[in-house]
Amino acid sequence: MVLAYLDRTDRIREVAEQSILPKMGTQIADDGSLPQELKRTLSLHYSTFALEALMETNQITSQIGINLWSTPAPNGKVASQAVDYLYPYYLNPESWKFKQIKPFDQSRAAILLYEAGTALGNQKYIDTAKRLKSKDYKGVITKDIVYKKYKDYELILTVDFAETDNPAPFVVYLHGGGWARGNNGSSRSLSQYLAKQKGITGVRVSYTLAPQSDATVKVSIQDVWDAVKYIREHAAELNITPECFGFLGTSAGAHLAAVAAMTVPGTKAFVGYSGIYDLEKAAIIQKTKDPQRIGYFCGRDPKVLREVSPVNLIPKKNVPASMLVCGTCDVTVECEQSGIFASALKKRGGVCELLRYEYYDHNVSSKTSDKMEEIFFKSVDFLTDHVK
């Protein structure tokens with residue numbers, strides 16, 4: 001992840017070929033099982049967890065032509081063997097013959113099979129993933145809407161409609177990716193869970209990314225403002241309550257979501273995972289050598305960085321309730337960013353929960369983290385309490 005932010009494709013290739021693939025090969029048995037995970041009391045869970053880590057890493061390595069699902073390790077083992085081994089148990093978890101002291105969540109299998117199936121061109125996996133989609137999310141009506149057009153690209157917002165006849169509160173979700181990559185598929189599970197279980201409509205927003213023409217951080221921020229404007233102007237069509245809303249973002253998305261939360265009047269809540277809130281101090285900006293990122297932040301003009309730092313945008317009154325999540329061993333975005341923002345919010349009289357996870361890194365809230373479910377449901381409770 002750090003190497004991706006630094007655009008070190010040479011090192012990404014080196015790590016993939018000399019570390020990830022060899023280690024992967026040693027963990028896969030001849031039958032495709034993962035023996036080290038089978039020793040655990042939640043063996044199906046952790047077998048899946050190991051492949052979820054591979055799935056996340058593949059999102060980076062695939063950008064330089066290394067598909068971790070199909071590339072053989074030095075000993076000839078391939079990750080797809082592990083998926084093939086687990087596949088029948090994903091269909092029928094009760095047939096799992098090793099220790100699993102808690103019920104297995106098939107929605108995790110659905111996500112894994114969809115990603116692996118897409119990477120491998122395996123339609124069976126993709127079709128199965130759709131069938132396994134958890135009852136917690138099944139049936140949510142989703143609609144893609146073009147909310148803004150540029151000369152050479154369009155911006156989409158994806159609406160996950162709350163299951164209610166009455167106008168619903170809504171949450172705007174912004175994805176991470178170093179302001180340069182990613183898409184609005186991020187936070188889909190959380191958005192659809194809140195829509196299905198809590199009656200909160202989710203709106204997953206795409207925004208201008210650094211590689212796109214004439215992109216700057218101010219352009220991306222304007223995109224988010226325009227998305228919110230579109231949502232509120234189409235409140236009747238979307239069946240939402242325009243005065244009851246909040247924002248959630250991850251990493252770079254947390255930065256943009258925080259800017260919106262602090263500047264859009266009436267915002268009720270903000271949730272940020274591993275976010276950047278004081279750009280004048282953030283290493284990801286101040287220490288980068290990536291010319292694209294430097295250009296995106298207008299040559300690191302101090303005036304611009306001050307103007308787009310959430311810590312400087314906190315309103316004098318009606319401060320949105322906030323929940324900030326960070327890992328103390330995050331080397332991509334230092335945990336102190338969340339601490340600085342939390343202190344500033346509280347100083348203005350805002351409610352702020354700061355969740356600092358000792359020894360966790362930038363991916364503390366991701367599928368590869370054993371804290372993912374805890375953070376997921378803390379976010380559900382927080383947004384439900386403050387947005388509805």
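For reference, positions follow the sequence shown, starting with 1.
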Strictly by ring-ring contact (aromatic ring centres under 6.0 Å, His included), give each pair with a member in residues 13-58 just once, sequence neighbours left out. Tyr46-Phe49
Show me the pairs that pass salt bridge (charged side-chain N to carboxylate O under 4.0 Å, His left out) and involve residues 79-94, at least two apart or across chains. none
Any pair counted as salt bridge (charged side-chain N to carboxylate O under 4.0 Å, His left out), so long as it reaches residues 308-330, sequence neighbours left out: none
Partners meeting salt bridge (Lys or Arg N to Asp or Glu O under 4.0 Å) with [X] (sequence neighbours left out):
X: Glu37; result: Arg40
X: Lys77; result: Asp30
X: Arg348; result: none
X: Glu243; result: none

For Pro72, side chain to side chain contact (heavy atoms under 4.5 Å, CB included) partners two or more places apart: Val78
Would you list the atom pairs, donor with acceptor, under 3.5 Å between side chains in residues 209-219 and any protein atom, with sequence neighbours excluded?
| unit_1 | atom_1 | unit_2 | atom_2 | d |
| --- | --- | --- | --- | --- |
| Gln212 | OE1 | Leu209 | N | 2.7 |
| Ser213 | OG | Asp152 | OD1 | 3.3 |
| Ser213 | OG | Asp152 | OD2 | 3.1 |
| Thr216 | OG1 | Lys218 | N | 3.3 |
| Thr216 | OG1 | Val219 | N | 3.3 |
| Lys218 | NZ | Glu307 | OE1 | 2.9 |

Here the disulfide (SG to SG under 2.5 Å) pairs for residues 331-388, sequence neighbours left out, are Cys326-Cys335
Could you list who else is in Ile156's hydrophobic cluster, with ILVMFWY side chains joined at under 4.5 Å, directly or through other members? Val146
Would you give me the side-chain donor-acceptor pairs under 3.5 Å for residues 374-384, sequence neighbours excluded?
| unit_1 | atom_1 | unit_2 | atom_2 | d |
| --- | --- | --- | --- | --- |
| Glu374 | OE2 | Tyr357 | OH | 2.8 |
| Ser379 | OG | Tyr273 | OH | 2.4 |
| Ser379 | OG | Ile375 | O | 2.8 |
| Thr384 | OG1 | Val380 | O | 2.6 |

